[in-house]
Amino acid sequence: MPHRTFLWFILPSLLAMVLFIALPIGSVIVQSLYVEHPQVMVESESCGPFGCTSATTVDQAATRALREAHPLGRFNGLGTYLDRNHLATTEVSAAWQTATGPGDFVSRLMNLPFYKALAFTLTYTFVVTPVVILAGLAIALGVNGLPRLLRGPTIFVSLLPMIVTPLIGSLILFWMIDADGIIGATLQRIAGDPDLSLKASPALTWLTVILYGIWHQAPFAFIVFYAGLQTVPSETLEAAQIDGASRWQRIRYVVVPYMAPLAVFVTLIQLMDNFRVFEAIVGLSAAANATSLSYFIYSDLNGDTQQFGSAAATSMLTILGVAILLTPVLIRTWRDFNRKRV
Amino acid sequence: MASAANRRAPALVVLSTVLVLLWLVIAAFPFLWTLWGSFKVQGDFFSRADWMNAIWGTHTIAQTGNAFTAQGYYGAWVQEGFWRAALNTGIVVFFTVIISLTFGTLGGYALARSGYRYAFWLLMLALVFRAMPHITLVSGYLMPFFQWNLWGHLPTAIIVLVAINQPFTLWMLHSFFLNIPKDLDESAMVDGCTRFQSFWHVIVPVMWPGVITTGLFSFLLAYNDFAVTAMLLSRENQTMVPQIASFLGSTYEEGNVMFAVAAVVSATAPLFVLILFFQRQIVSGLTAGAVKG
């Protein structure tokens, strides 16, 4: 296809992506270097019979005028990246020098909002992804053994958790684990502890969000693996059986290697999707104990005063995280591409 | 698969059946429970004393005289104006799907037919864009949109969702177009069609299965979105999902959590119908990228 025709065909799509994905990333970079203007203070002296007192008040009009004249705020360089709410270099080095042990250092790190969010995001990503792949494979093998007639309805039901709006899915779970909800109340009765709450303790909140993530993502892995199982050549399986392979050996040495490329695909998609975990934290009201990087940005943008600079700095750090996650994939694709050309 | 290769030890059959049954309960029970509970009063759905109350509707009978009540639905749809949010969702989703598919088919076709190196790089770029958390993009939109008075309107949200949708749409349609033989449109060009004419008269009539599947996923992305619609739409233009989130803030004190439950069930119903009719397309769409490599 000539370059000119190609350009005309791709133009609308490319324009949309450049305007609303590439430029916003540029806008995030710029915003992250600025902070909001501080309020303009005026000192006024009021003299009464008992002498003069001076009071500082906020000059609302001047503040508004300044903010309207320079909506970006004032230039702050990398200041936002290094402050207490982001990389917190001062606090981290202080903690490093004065910490009594590794445990103490980690617990002090966990008091810093950015590291807390990062820790949860990484834990979530690297727990949910492997569990989802294993669960998906197990369900796919199970469903593959069902009579053909039952498979359709099974897939129908399995698609529900994946396709439901993440916020809605997490709300449904949230109501069920409420102290008055069916799961919450039952757990209290089993544990014999009327104060047991899945929402109060950090560990249980983490567990809830992670379990929700598995419930939500497992169907995707299941469907991909199930479709892959339909294409495993039966000749190879029969040959393995004739050679005396047990069922487990057939799965281990025939089915699993055949599914490896699918597992790579699922892992890639899962890493991308799990790294941006966000709605579940809103739906499960888990923000007090478990925040993710995405939620951190959301709460900066959603507060009474929107902190664009802070949100932008977190966004940049998140994009950096995505880039690190994707690098191995991109390098691999690049190698494949070059091999094909040669 | 031959039956001999498929015959298994009874223990394994039991184990795998139990596993599948367990999964089915885990997958379906929350939905059934919430659907059933949405027709009860709050005292039953959130019953500390005995969860059987939610099944028999003890408090519902005491309060309304009937085992089922539509109070939650009335409260959500009529009192709280959820119908307006549903209407907005309809508009946003409809236009997002139509525009994404138009842009995506043109772009995907070009990517599938161009043999040049930059087509590969565009696809890689799309993959990187696909990985961007949506909220990071939203933090880039907000300030310029405030400055230019674009914030809060439905068309803004629609075009943003279209853009966020493009990377995925391009990948998916690109792989569908690769499966349509090149000879088809090239022979039309030999007969004197321009590239666009051959696309329009030859490719468009045969591309619908791929376009429908891609459209389903565009629909899901737009329908399920929270980050973009919650941050970019003003209160009167809100769609269903952010509206449900804002219900929670206002309804917990009033004891009207059932409004939110009813709204959640209402918003899930279209998705349920979608799977009912398009299960095969959804499954084939999920696997299109994977199985074909």
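As the structure is a computational prediction, the values presented were derived from the model and not from experiment. Residue numbers start from 1 in every chain, and the chains themselves are labelled A, B, ... in the order their sequence lines are given, proteins ahead of strands.
Contact of L171(A) with chain B is made through the side chain alone, with heavy-atom distances under 4.5 Å. Contacts between T318(A) and chain B at a heavy-atom distance below 4.5 Å involve the side chain alone, from C-beta outward. Looking at M231(B), only its side chain comes within 4.5 Å of chain A, counting heavy atoms on both sides. Contacts between L220(B) and chain A at a heavy-atom distance below 4.5 Å involve the side chain alone, from C-beta outward. Only the side chain of V322(A) comes within contact range of chain B, judged by heavy atoms closer than 4.5 Å. For V157(A), the parts lying near chain B are the backbone and the side chain together; criterion is any non-hydrogen pair under 4.5 Å. In this structure, chain B has a heavy atom under 4.5 Å from the side chain of Q188(A), while its backbone stays farther away. Only the side chain of T186(A) comes within contact range of chain B, with at least one heavy atom under 4.5 Å from a heavy atom of that chain. Contacts of I282(B) with chain A are made by side-chain atoms alone, with heavy-atom separations under 4.5 Å and no backbone atom involved. In this structure, chain A has no heavy atom under 4.5 Å from any part of A263(B). Residue V128(B) touches chain A through both its backbone and its side chain, counting heavy-atom pairs closer than 4.5 Å. With a threshold of 4.5 angstrom between heavy atoms, D273(A) approaches chain B through side-chain atoms but not through N, CA, C or O. For chain A, the nearby part of Y116(B) is the side chain; its heavy atoms alone come within less than 4.5 Å. Using a 4.5 Å cut-off between heavy atoms, I223(A) touches chain B through backbone and side chain atoms alike. Interface residue L167(A): only side-chain heavy atoms are found under 4.5 Å from chain B. Using a 4.5 Å cut-off between heavy atoms, A135(A) does not touch chain B at all. Heavy atoms closer than 4.5 Å to chain A are found in both the backbone and the side chain of S139(B). Of the two parts of L15(B), neither the backbone nor the side chain holds a non-hydrogen atom closer than 4.5 Å to a non-hydrogen atom of chain A. Residue contact with chain A, scored on non-hydrogen atoms closer than 4.5 Å, involves the side chain of V20(B) exclusively. Using a 4.5 Å cut-off between heavy atoms, M162(A) contacts chain B through its side chain alone, with no backbone atom that close. Looking at F45(B), the atoms closer than 4.5 Å to chain A (heavy atoms on both sides) sit in the backbone and in the side chain alike. In this structure, the portions of L301(A) lying under 4.5 Å from any heavy atom of chain B include both its backbone and its side chain. Contact annotation for L19(B): only side-chain heavy atoms (C-beta onward) come within less than 4.5 Å of a heavy atom of chain A.
Ranked by heavy-atom pairs under 4.5 Å with chain B, the first of I139(A), T314(A), V28(A) is I139(A). In terms of heavy-atom pairs under 4.5 angstrom with chain A, the leader among R280(B), M132(B), R113(B) is M132(B). The candidate from A131(B), P167(B), S114(B) with the greatest count of non-hydrogen atom pairs under 4.5 Å with chain A is A131(B). Ranked by heavy-atom pairs shorter than 4.5 Å toward chain B, the options V18(A), I21(A), I168(A), L326(A) are led by I21(A). Counting heavy-atom pairs closer than 4.5 Å to chain A, the top-ranked of the candidates V162(B), V261(B), I164(B) is V261(B). Contact count against chain A (heavy-atom pairs under 4.5 Å) is highest for L142(B) among V160(B), T268(B), L142(B). By number of non-hydrogen pairs under 4.5 angstrom with chain B, the leading residue of L23(A), L271(A), I155(A), L15(A) is I155(A). Of the listed residues (T5(A), I319(A), L325(A)), the one with the most heavy-atom contacts under 4.5 Å to chain B is I319(A). For the set S27(A), A16(A), S13(A), the entry with the most heavy-atom pairs within less than 4.5 Å of chain B is S13(A). Note on G181(A), A185(A), S294(A): by heavy-atom pairs under 4.5 Å with chain B, the leading option is S294(A). Taking F196(B), F129(B), Y223(B), F120(B) one by one and counting their heavy-atom pairs under 4.5 Å with chain A, the maximum is reached by F120(B). Contact count versus chain A (heavy atoms, under 4.5 Å) is highest, among T105(B), T17(B), L111(B), I99(B), for L111(B).
Heavy atoms from other residues, nucleotides or ligands lying under 6.0 Å from CH2 of W8(A) number 12 at most. Applying the 6.0 Å contact sphere to CZ of R189(A) captures more than 12 heavy atoms from other residues, nucleotides or ligands.
By the side-chain hydrogen bond (donor to acceptor under 3.5 Å, both in side chains) test, S158(A) pairs with W23(B), sequence neighbours left out. Looking at residues two or more places apart in sequence or on another chain, you find no side-chain hydrogen bond (donor to acceptor under 3.5 Å, both in side chains) involving Q307(A).
F217(B) and F168(B) have tilted rings, their planes meeting at an angle from 30° to 60° on a 0 to 90° scale. Between F46(B) and W175(A), the angle of the ring planes goes over 60°, which puts this pair in the perpendicular group of the 30/60° scheme. Between Y141(B) and F145(B), the ring planes are parallel. Angles under 30° get that label, and only those over 60° would be called perpendicular.
Ring-centre distance between F277(B) and F272(B): not below the 6.0 Å cut-off. Aromatic pair F6(A)/F9(A): ring centres not closer than 6.0 Å. A ring-centre distance under 6.0 Å is found for H3(A) and Y118(B). Residues F308(A) and Y34(A) keep their aromatic ring centres 6.0 Å or farther apart.
In summary, the side chains of N224(B) and E279(A) do not present any donor paired with an acceptor at a separation below 3.5 Å, with no hydrogens or angles considered. Using a 3.5 Å distance cut-off with no hydrogens or angles, the side chains of R195(B) and Y109(B) do pair a donor with an acceptor.
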